[in-house]
Amino acid sequence: MKLILLGPPGAGKGTQARLLADEYGILQVSTGDILREAIRDGSPLGQEARPLMEDGRLVADQIVVGIVANQLNAKGSEADWVLDGFPRTVPQAFALEAMLNRRGAVLDAVVSLEVDDSAIAERLSGRRSCPACGLVFHLRWNPPRTVGRCDRNCGPLVFRPDDAPGTLLRRFAEYGLLTAPLMPFYEKRKLLARVDAVGEADVVFERIRSVLGES
Ligand code: AMP
């Protein structure tokens, strides 16, 4: 199974990708997580990505395509995966298509997580993450065992800086301009499956399973 999860910030891509990876035993590749880890490590990649991410802008196509190519190459062409947060532009989608063609691999589905603005606002305002290990919580739907602390005992949880209202506006603008064109791109290839992503994570997950023909 080779899947892509598409959706605006706050659609639940990370949560659903994790559930899919656990359920089907496939690899989860999250470009956002990889970039945040690079920032935590202070690597050259992190130093390049940091100002863009803090500003709510996308990192250059060439960089993220390289990240995904490394991840997929490391696992070999037989591996199954779910991509969360990639592709985010049409050039990235073409690069992925070329990567798959070279390996003789086929994309099974592109799941578009569809949410309304109020659900997004609720999810993002309650989202808290651990700056040390990257684990993500929600104050209401997935609270940590101890208020304000990571379940892995890393330390205090934080509000993701790029979820702040000003930065978020830019992320939505980038989404509308650069990522939304992926819907017709994959619709044309008869790969797009739209899923109502409003509701609790396990309910949304069942809807995804159902469009994938797995229920
Ligand atoms: P996410 O965790 O998926 O919301 O991504 C957080 C940030 O990482 C985005 O706002 C971008 O700055 C950067 N990023 C993640 N994935 C990509 C991508 N495929 N292309 C460009 N930038 C990305």
Side-chain angles (χ1 to χ4, degrees), residues 1-9 11 13-18 20-21 24-113 129 131-136 160-163 167 170-186 189 191-192:
M1 189 183 286
K2 294 179 172 57
L3 299 174
I4 290 173
L5 289 186
L6 279 185
K13 298 184 294 295
T15 302
Q16 295 302 328
R18 228 174 342 266
L20 285 160
Y24 299 116
I26 60 179
L27 176 72
Q28 176 189 358
V29 179
S30 162
T31 41
D33 284 350
I34 293 168
L35 291 166
R36 277 184 289 276
E37 196 179 326
I39 291 176
R40 283 199 296 275
D41 293 347
S43 69
L45 169 64
Q47 284 168 26
E48 185 159 356
R50 180 177 210 139
L52 294 163
M53 288 175 74
E54 283 179 352
D55 205 26
R57 295 183 188 280
L58 293 188
V59 174
D61 287 337
Q62 202 188 327
I63 292 181
V64 281
V65 167
I67 290 174
V68 172
N70 284 341
Q71 294 281 316
L72 300 189
N73 285 339
K75 295 291 167 183
S77 51
E78 295 304 308
D80 285 329
W81 35 255
V82 51
L83 303 182
D84 138 33
F86 181 93
R88 247 180 166 102
T89 66
V90 170
Q92 290 179 19
F94 275 120
L96 177 65
E97 205 163 65
M99 230 184 275
L100 294 179
N101 287 343
R102 279 196 298 275
R103 296 151 163 260
V106 181
L107 197 55
D108 293 289
V110 177
V111 176
S112 163
L113 298 176
S129 52
C133 76
L135 210 59
V136 180
R160 228 173 87 173
D162 60 344
D163 283 346
T167 312
R170 177 108 64 200
R171 287 169 65 204
F172 276 107
E174 296 271 271
Y175 178 80
L177 198 66
L178 299 168
T179 310
L182 292 178
M183 304 291 177
F185 181 95
Y186 285 119
R189 287 157 175 76
L191 286 168
L192 193 73

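Atom CZ of residue Arg170 and atom CZ of residue Arg57 lie 4.0 Å apart, to the nearest 0.5 angstrom. One finds the CG atom of Leu96 at 9.5 Å from the CG atom of Asn101 (value rounded to the nearest 0.5 Å). Distance OG1/Thr15 to CG/Asp84: 9.0 Å, rounded to 0.5 Å.
Counting heavy atoms of neighbouring residues, nucleotides and ligands inside a 6.0 Å radius, atom CD of Glu48 does not exceed 12 of them.
With sequence neighbours excluded, the residues that form a side chain to side chain contact (heavy atoms under 4.5 Å, CB included) with Leu45 are Leu35, Ala38, Ser43, Ile63, Ile67. For Asp163, the side chain to side chain contact (heavy atoms under 4.5 Å, CB included) partners are Leu124, Arg127, Phe159, Arg160, Leu168, Arg171, not counting sequence neighbours. The salt bridge (charged side-chain N to carboxylate O under 4.0 Å, His left out) test applied to Arg36 returns Asp33, not counting sequence neighbours. For Arg18, the salt bridge (charged side-chain N to carboxylate O under 4.0 Å, His left out) test picks out no residue, with sequence neighbours left out. The salt bridge (charged side-chain N to carboxylate O under 4.0 Å, His left out) search around Glu54 returns Arg50, not counting sequence neighbours. Remark: Ala132 engages Cys130, Cys154 in a side chain to side chain contact (heavy atoms under 4.5 Å, CB included) (not counting sequence neighbours). For Phe185, the ring-ring contact (aromatic ring centres under 6.0 Å, His included) test picks out Phe94, with sequence neighbours left out. Not counting sequence neighbours, the partners of Glu37 by the side chain to side chain contact (heavy atoms under 4.5 Å, CB included) test are Arg40, Asp41.
Looking at Gln92, its side chain never comes within 3.5 Å of a backbone N or O of Val65 through a donor-acceptor pair. Judged purely by atom type and a 3.5 angstrom limit, Asp80 uses its side chain to pair as donor or acceptor with the backbone of Met1. Formation of a donor-acceptor pair under 3.5 Å by the Thr31 side chain with backbone atoms of Gly85 is found in this model. Looking only at distances, a side-chain donor or acceptor of Lys2 sits under 3.5 Å from a matching main-chain atom of Ala79.
Here ring pair (Phe, Tyr, Trp, His ring centres under 6.0 Å) pairs that include residues 59-92, with residues two or more places apart or in two chains, number zero. Every pair passing salt bridge (charged side-chain N to carboxylate O under 4.0 Å, His left out) that includes a residue from residues 86-99 is listed here, sequence neighbours excluded: Glu97-Arg189. Sorted by first then second residue, the ring pair (Phe, Tyr, Trp, His ring centres under 6.0 Å) pairs that include residues 53-76, not counting sequence neighbours, number zero. Within the structure, the side-chain hydrogen bond (donor to acceptor under 3.5 Å, both in side chains) test picks out the following pairs touching residues 65-76 (sequence neighbours left out): Asn73-Arg103.
The minimum heavy-atom distance between Met183 and Leu192, with the atom names listed, is O-CD2, 3.8 Å. The shortest heavy-atom contact between Leu107 and Leu191 is O-CD2, 3.5 Å. Scanning both residues, Gln28 and Ala17, for their nearest heavy atoms gives NE2-CB, 3.6 Å. The nearest pair of heavy atoms linking Pro87 to Ala93 is CB-N, 3.6 Å. Between Pro8 and Phe172, the closest heavy-atom pair is CB-CE2, 3.9 Å. Among all heavy-atom pairs drawn from Lys13 and Leu5, the shortest one is O-CD1, 3.3 Å.
Residues Val90 and Leu182 have side chains in contact (heavy-atom distance under 4.5 Å, counting atoms from C-beta outward).
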- Task: Carefully, step by step, assess Val111 and Leu6 under the rule side chain to side chain contact (heavy atoms under 4.5 Å, CB included).
- Result: CA-CA 6 Å; Val111 176; Leu6 279 185; over 6 Å; no
- Task: May I have the step-by-step check of side chain to side chain contact (heavy atoms under 4.5 Å, CB included) for Tyr186 and Ile4, ending in yes or no?
- Result: CA-CA 10 Å; Tyr186 285 119; Ile4 290 173; 3.5 Å; yes
